[in-house]
Amino acid sequence: DATLALQSLAALVNICAEREVDSLRDAAVNAGALRVAVRAINDHHKENMQVTEMACLLVRNLCCGKDENVLERRKQAASVGVIEATVTAMAKYEESPIAPNIIVALRLVVDRLPDQRQRATALGAKTDWVKPVTKEGGGYLLSFRGGFGTNRSSKPKTPPKIMQASTLGGIQEESGAPEA
């Protein structure tokens with residue numbers, strides 16, 4: 001059910017949205033959240049842009065971080081099919097408003113992992129879709145790491161530079177920790 005998938009993904013996105021929740025990211029990955037995201041993309045990408053976008057937001061939140069486990073989470077993402085799912089989704093949504101969220105998810109999965117970047121390119125990913133994210137890699141998406149959720153918070157926040165407006169269904173990237 002697309003509605004159930006969307007709401008479930010949104011809950012996971014919000015749980016893993018804050019800057020300092022790397023332990024929650026690890027727990028979510030270990031519990032199968034990346035498999036859930038891949039299944040949502042594979043099952044719904046043809047007819048439901050919102051579910052596809054929310055699944056990519058989840059991948060993004062699970063694969064960001066500066067902690068010692070971030071590369072392991074990215075490797076796990078690749079091992080469960082995130083690269084294939086996001087490349088497939090981009091084939092359908094490259095010209096849509098959700099394309100930036102798909103690309104950010106893919107870029108994070110391959111960041112600092114040249115074999116995964118090569119794999120994505122071999123599957124049809126364009127060079128821009130797999131550019132490095134981190135300073136070490138010369139990337140430019142340095143401010144999107146913290147605080148990604150949906151727009152369900154009570155106070156408005158300033159979106160990061162990667163997206164200046166909401167995309168579909170009220171989904172919006174947010175930066176920073178929630179205000180008290």
Side-chain angles (χ1 to χ4, degrees), residues 1-18 21-65 69-70 72-111 113 116 119-120 123-126 129-130 133 141 144-145 147-153 159-160 162-163 165-174:
D1 177 64
T3 302
L4 178 61
L6 183 63
Q7 294 304 314
S8 300
L9 290 164
L12 288 168
V13 166
N14 286 329
I15 288 168
C16 297
E18 298 303 322
V21 297
D22 294 322
S23 63
L24 289 175
R25 289 183 180 104
D26 289 341
V29 167
N30 291 336
L34 287 165
R35 281 187 175 88
V36 168
V38 169
R39 183 169 177 195
I41 294 168
N42 290 340
D43 288 356
H44 297 280
H45 80 274
K46 291 180 182 173
E47 77 285 342
N48 196 306
M49 193 181 313
Q50 291 175 314
V51 171
T52 302
E53 180 178 40
M54 192 62 72
C56 289
L57 293 175
L58 177 58
V59 169
R60 179 199 59 200
N61 284 2
L62 294 172
C63 292
C64 70
N69 295 331
V70 69
E72 183 56 35
R73 289 193 304 270
R74 292 173 183 173
K75 290 175 186 176
Q76 287 184 38
S79 74
V80 299
V82 169
I83 293 171
E84 292 81 359
T86 53
V87 170
T88 298
M90 277 302 288
K92 178 160 178 69
Y93 295 116
E94 185 174 2
E95 301 299 323
S96 79
I98 72 166
N101 282 325
I102 299 170
I103 291 170
V104 169
L106 179 59
R107 286 181 67 187
L108 277 168
V109 171
V110 303
D111 191 51
L113 297 165
Q116 288 182 193
R119 181 170 146 204
L123 290 168
K126 295 181 179 176
W129 302 354
V130 294
V133 173
L141 290 177
F144 72 83
R145 181 188 177 275
F148 298 117
T150 62
N151 67 346
R152 298 185 195 338
S153 65
I162 185 70
M163 274 183 42
S166 296
T167 53
L168 302 172
I171 299 164
Q172 179 177 333
E173 291 187 5
E174 300 172 334

Can you check side chain to side chain contact (heavy atoms under 4.5 Å, CB included) on E84 and R119, steps first, answer last?
CA-CA 9 Å; E84 292 81 359; R119 181 170 146 204; 2.8 Å; yes
Is the backbone N or O of V13 less than 3.5 Å from a side-chain atom of N61, with the two atoms forming a donor-acceptor pair by type?
yes
With distance as the sole test, does R74 use its side chain to make a donor-acceptor pair with the main-chain N or O of L108 at under 3.5 Å?
yes
Shortest non-hydrogen contact from P100 to P97?
CD-O, 3.4 Å
Enter the distance from M54:CE to Q7:CD here, rounded to the nearest 0.5 Å.
7.5 Å
Kindly say whether V133 contributes a backbone atom to a donor-acceptor pair with the side chain of D111 at under 3.5 angstrom?
yes
For the atom pair OG1 (T3) and CD (Q50), what is the distance rounded to the nearest 0.5 Å?
8.5 Å
Once side-chain contact (heavy atoms from CB on, under 4.5 Å) is applied, do any residues pair with L106, and if so which ones, sequence neighbours excluded?
I83, T86, V87, V110, A120, A125, W129, V130
Without swapping roles, check the side chain of R25 against the backbone of G65 for a donor-acceptor pair under 3.5 Å.
no
How long is the straight-line distance from OG1 of T52 back to CE of M90, given to the nearest 0.5 Å?
12.0 Å
Rounded to the nearest 0.5 Å, what separation is found between the CD1 atom of I102 and the CD1 atom of I41?
7.5 Å
Using modelled atom types and a 3.5 Å cut-off, is there a donor and acceptor pairing between side-chain atoms of H44 and backbone atoms of A40?
no
Just to verify, what does L24 make a side-chain contact (heavy atoms from CB on, under 4.5 Å) with, not counting sequence neighbours?
I15, V21
Do side-chain atoms of Y93 reach the backbone of E53 as a donor and acceptor pair under 3.5 angstrom?
no
Per the salt bridge (Lys or Arg N to Asp or Glu O under 4.0 Å) rule, what does the pair list look like for residues 89-105, sequence neighbours excluded?
E94-K126
With D43, which residues qualify under side-chain hydrogen bond (donor to acceptor under 3.5 Å, both in side chains), at least two apart?
R39
Side-chain donor-acceptor contacts of residues 26-38 below 3.5 Å, not counting sequence neighbours, with atom names and distances?
unit_1: D26; atom_1: OD1; unit_2: R73; atom_2: NH1; d: 2.7
unit_1: D26; atom_1: OD2; unit_2: N69; atom_2: ND2; d: 2.7
unit_1: N30; atom_1: ND2; unit_2: D26; atom_2: O; d: 3.2

According to side-chain hydrogen bond (donor to acceptor under 3.5 Å, both in side chains), who are the partners of Q116, at least two apart in sequence or on a separate chain?
none
Closest contact, heavy atoms only, C63 versus A77:
SG-CB, 3.8 Å
Would you give the length of the straight line joining atom SG of C56 to atom CG of N101, rounded to the nearest 0.5 angstrom?
7.5 Å
